[in-house]
2 protein chains.
Amino acid sequence: MPAPTLRSLARELGLSRTTLSDALRGSPRVKAETVARVRAAAKAAGYERNPLTGAVMSQLRRSRGQQFRGVLAVIEIIEQPQTSFGVRYNESLAAGIAARANDLGFKVERFIVGPNGVKLGRLDTILHTRGIQGLILLPAVGFPDLSELSWHRYTAVYADYFIDHPPLHCVCSDHYRSMVALLHELHARGYRRPGLFMEIALDERLQFRWEGAFLALQKYLPGITEVPALQVREVTRETFTEWFKRYDPDVVMGHFPVAMDWMKACGAKLPKSHGFVCLNSLRTAGDCAAVDLRTGLLGARAAELVIGQLLHNEFGVPEQPSLTTIPAKLIDGPTLRPMGTPKAKAPANAKT
Amino acid sequence: MPAPTLRSLARELGLSRTTLSDALRGSPRVKAETVARVRAAAKAAGYERNPLTGAVMSQLRRSRGQQFRGVLAVIEIIEQPQTSFGVRYNESLAAGIAARANDLGFKVERFIVGPNGVKLGRLDTILHTRGIQGLILLPAVGFPDLSELSWHRYTAVYADYFIDHPPLHCVCSDHYRSMVALLHELHARGYRRPGLFMEIALDERLQFRWEGAFLALQKYLPGITEVPALQVREVTRETFTEWFKRYDPDVVMGHFPVAMDWMKACGAKLPKSHGFVCLNSLRTAGDCAAVDLRTGLLGARAAELVIGQLLHNEFGVPEQPSLTTIPAKLIDGPTLRPMGTPKAKAPANAKT
DNA sequence: CGAAATTCCCTGACGGTCCGAATTCATTCG
DNA sequence: CGAATGAATTCGGACCGTCAGGGAATTTCG
C-alpha cells in the first residue's frame, strides 16, 4: 500500500486537499468538527505530516523563492568553567557543523544549558516555540542527562563517545584507530621506544582507547622495547621527568606540549635524539607534530546525520544507537624525524 | 524585481523548467554547453538554488512512487573456501540487510566475486545493465581491492572495519567497547582473574581491539589479578591447557566453545568454579554465555546508510570515509555465575 | 541505406501551501 | 416579504523544484 497523501486522503473523505491541509494544521478557517474528523481519518490511514516539508512549501509559496533555511540547534551543556582547550574544541566542532549545515540549506543556532545559560525545561519550550527539531549536542564534561527533553519532537546526535540519557547516535573521533596509525607511522620512521603520558581523566572518558591501542601495538609491532605508559591524575614536571629519565622513550606522545620543555631540560634534542607528538593539534601552537582529530569533519558528519533524519521524518530516540567515527590524521612537524632517516643505531642483523 | 524562479529563468532562456533544474544540478542528461549557459544566466540573474528545498522536493517525488524503489547489491568477495562460521556471519548480515531494505522499499540481490563467482569487470557491467547503484560489501578475508569498479556510478558501504581500495564508509561491531562492557559485567559478577585466548589472525584484522581493551581494563578495573592473554597462531588443546593450568583464570573469554571441554578436562566446573564466555554467539550452539555481535542490526544500519546516500544522490567514493559501529550485547548462559552470587573467596578486607 | 542506440530536451504529474473565489446560511434592512 | 449584507466554510487555481517517461534529432552499426 503506497503511503497516503493529502490528495488521496481528501478523496476518501470527500473533501478538498486544501481543507485537509488547513485542518491538519489547525487553521481557524475550518470548522472544528471537520478538523476532528480529518485528524481521526489521517491517524487511521497512517498519514504523517513532515514538518520540514511543510515549512519549505510554506516559504516557497509565500515568498517566491526567497532563501529559506531550516534550523539546527547546537547545544552546549556547561556545568563548570570550561578550559580554553575545551572551548577551542567545541568551537571547531561548531564551525564544521555550521559549514556543512549551510551547504545543506540549514542554519545553526547556539544554546547553552547550565548555570550561565538556560535550564533544560526552558530550552525545551524555546526549541518548541521556534520550531527547531534537529539538535546537535556538543561534548559535555561527565555524562549529561537530557532525558527531560520532549524527545518525540526532536532528532539529535551527540558529538562524543556515548550518552545514555537518552541513548542517541554519536559522532566521535576514532582514538583507537588513530593511535594504531600513529604507532605504525612512528615505527616506520624508525622509533622503537614509544612512550605515552596521559592524565587518567582524559583517557578514562574514552574507555582508555589511547592506552588500549598503545598496549596492544607495543606487543605486536616488531622490535619494540616496551615503555610503560605514564598514567597519572595530573601530569607534573616532576612525575614526567622521573618517568622520562627512567625509561628514556625515543618518542613521546601526550596531550601537553609543555612536555617538550621538560624533555629538553633533560638534555633531549628535538628531533635529533627524541621525538614528540601532541595527541591533539588544538592544544599546540603549531610548533610540533600533532594529531589532528578532524573536528571539522566530525561536525560535518554530525550535521549530515541529523539533517538526514530530519528529511526522513525520523524523530525521537533511535531504536538502536550507533557510533560514527572518523580517523585522525598526523600533522607532521619539526619534532619528528622525517621518513627514511637512518635510525640512531642501525640494526646489526636486521631481519624483516 | 522579484527574485527569479526556475520557471521565469527558463522562459527567458527559451528552455524548459526541467532542463534548468537538471542543468543547475549538473545532471548528465543536459549537454555540457547548455549547462554552462544556464549556470551563467542563473548567476547573472541572481538565482540561487536552495539545497533544502531541492532535498525536500526530491524526497517528495520519490516517496510518491510505488513501493519498489530499487535494488541493492549485496556483494561477497570469496577468494578462498569459507569457514562454516564465516558463512553464518555473512548470512546473518545479509538477512539484516534484506529486512531493512525491504522496509524501505528496496530489494536485494546477492553477487559473488571470485573463482566461484564473477570477475570484477563482469560485475561492473552486470550492475550497470541492471541499473543497480547501491552496493553493500560483505566482509572479505584480507583487504579486498575493488578500485576497478566504476565508482562514479555507485554508492557503497563495506560491512567491516576498513577498506582502502577504495576508501568507503564502513559499518562494523564495536569490539573495543564490547570487550569493555563485557569486562565490567564479569567484574560486577565477581570475577577477578579474567583470561583471554585468541588466534592472532582474528584479532589482527581488528587491529587487536579485543586485546587492546582487555589490556587496558585489566589495569583499571579494581582488584584484578592480571592474566596474560593467550595469543597464538592456532589455538590447540595443548597450548590452551598449559596456559589455563599456569594462570588459572576464573573466567575465560575466547572464540572457540571447545575450550569448555578442555577446561572441564582440567577439573573446572562450569559455572561453579570457572566461567566461560564465547566472543561470538554465532559460533556457539547456545549452550554458553556469548557475545552477540548484532549482525542483524549491523546489516540494517548498512542498508540505511546506502539507501540514505541513494536518496540524496550521493555517488562515488566519499570525501572522508567514516566508520559506524554498534555495541555488542552479552547473552547470558549457564557458563556464568549470575549477578550477586557470593564470590568464591570473600575478600578479607574489602575496600570499594 | 535502414535499423538501433544515443543524446538532448520537453511535457505531464506531483505534494503541500497560500490566496482569492465560491457556496451556504443566517441576519438585517428597505 | 424580498433583497442585500455578512459570517462561516469549503473549494479551485497557481506555484515551487523534482521525477518519470516520451519524443525528436543525431550518431553508430550492421
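Computed over heavy atoms, backbone and side chain alike; hydrogens, waters and symmetry mates excluded.
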Can a side chain N or O of [X] be found less than 4.0 Å away from OP1 or OP2 on [N]?
| X | N | result |
| --- | --- | --- |
| Ser58(A) | dC18(C) | yes |
| Thr5(B) | dC16(D) | yes |
| Arg25(A) | dT17(C) | yes |
| Arg49(A) | dT17(C) | yes |
| Tyr47(A) | dG15(C) | no |

Proximal nucleotide (of dG15(C), dG17(D), dT10(D)) relative to the Lys31(A) side chain: dT10(D)
If you only use heavy atoms from C-beta on, which nucleotide in dC8(C), dC19(D), dC19(C) is closest to the side chain of Asn313(B)? dC19(D)
For DNA chain C, the residues among residues 16-23 of chain B that have a non-hydrogen atom under 4.0 Å from it: Ser16(B), Arg17(B), Thr18(B), Thr19(B)
Rounded to whole Å, please give me the gap between [atom1] in [X] and [atom2] in [N].
| X | N | atom1 | atom2 | value |
| --- | --- | --- | --- | --- |
| Met57(A) | dG16(C) | CE | C1' | 5 Å |
| Leu310(B) | dT18(D) | CG | P | 18 Å |
| Leu9(A) | dG16(C) | CG | P | 10 Å |
| Gln59(A) | dC19(C) | CD | P | 12 Å |
| Leu15(A) | dG12(D) | CG | C1' | 14 Å |
| Arg11(B) | dC10(C) | CZ | C1' | 16 Å |
| Glu48(B) | dC16(D) | CD | P | 17 Å |
| Leu6(B) | dC10(C) | CG | P | 13 Å |

Pairs satisfying side chain to side chain donor-acceptor pair (under 3.5 Å), at least one member in residues 29-40 of chain B, at least two apart: none
For the CD atom on Glu109(A), are there more than 12 heavy atoms of other groups (residues, nucleotides or ligands in this structure) within a distance under 6.0 Å? yes
Taking ring-ring contact (aromatic ring centres under 6.0 Å, His included) as the definition, give me every residue that meets it alongside Tyr161(B), ordered by chain and number, with sequence neighbours left out. His175(B)
Any pair counted as salt bridge (Lys or Arg N to Asp or Glu O under 4.0 Å), so long as it reaches residues 40-57 of chain A, sequence neighbours left out: none
For Arg7(A) and for Ala32(A), locate the closest nucleotide of DNA chain D by heavy-atom distance; then report the residue assigned to the nucleotide nearer the 5' terminus. Ala32(A)
Show the atom names and distances, to 0.1 Å, of all donor-acceptor pairs under 3.5 Å that link a side chain in residues 117-128 of chain A to residues at least two apart or in another chain.
| unit_1 | atom_1 | unit_2 | atom_2 | d |
| --- | --- | --- | --- | --- |
| Arg122(A) | NH1 | Thr125(A) | OG1 | 3.4 |
| Asp124(A) | OD1 | Ser150(A) | N | 3.4 |
| Asp124(A) | OD1 | Arg153(A) | NH2 | 3.4 |
| Asp124(A) | OD1 | Tyr154(A) | OH | 2.6 |
| Asp124(A) | OD2 | Ser150(A) | N | 3.4 |
| Asp124(A) | OD2 | Ser150(A) | OG | 2.6 |
| Thr125(A) | OG1 | Arg122(A) | O | 2.8 |

Can you list every pair that meets ring-ring contact (aromatic ring centres under 6.0 Å, His included) and has a residue in residues 295-320 of chain B, with sequence neighbours left out? His312(A)-His312(B)
Any N/O donor-acceptor pair, Arg29(A) side-chain to dG20(C) base, under 3.5 Å: yes
Apply side-chain hydrogen bond (donor to acceptor under 3.5 Å, both in side chains) to Ser21(A) and Arg25(A), showing your working. CA-CA 6 Å; Ser21(A) 174; Arg25(A) 263 173 308 134; 2.8 Å; yes
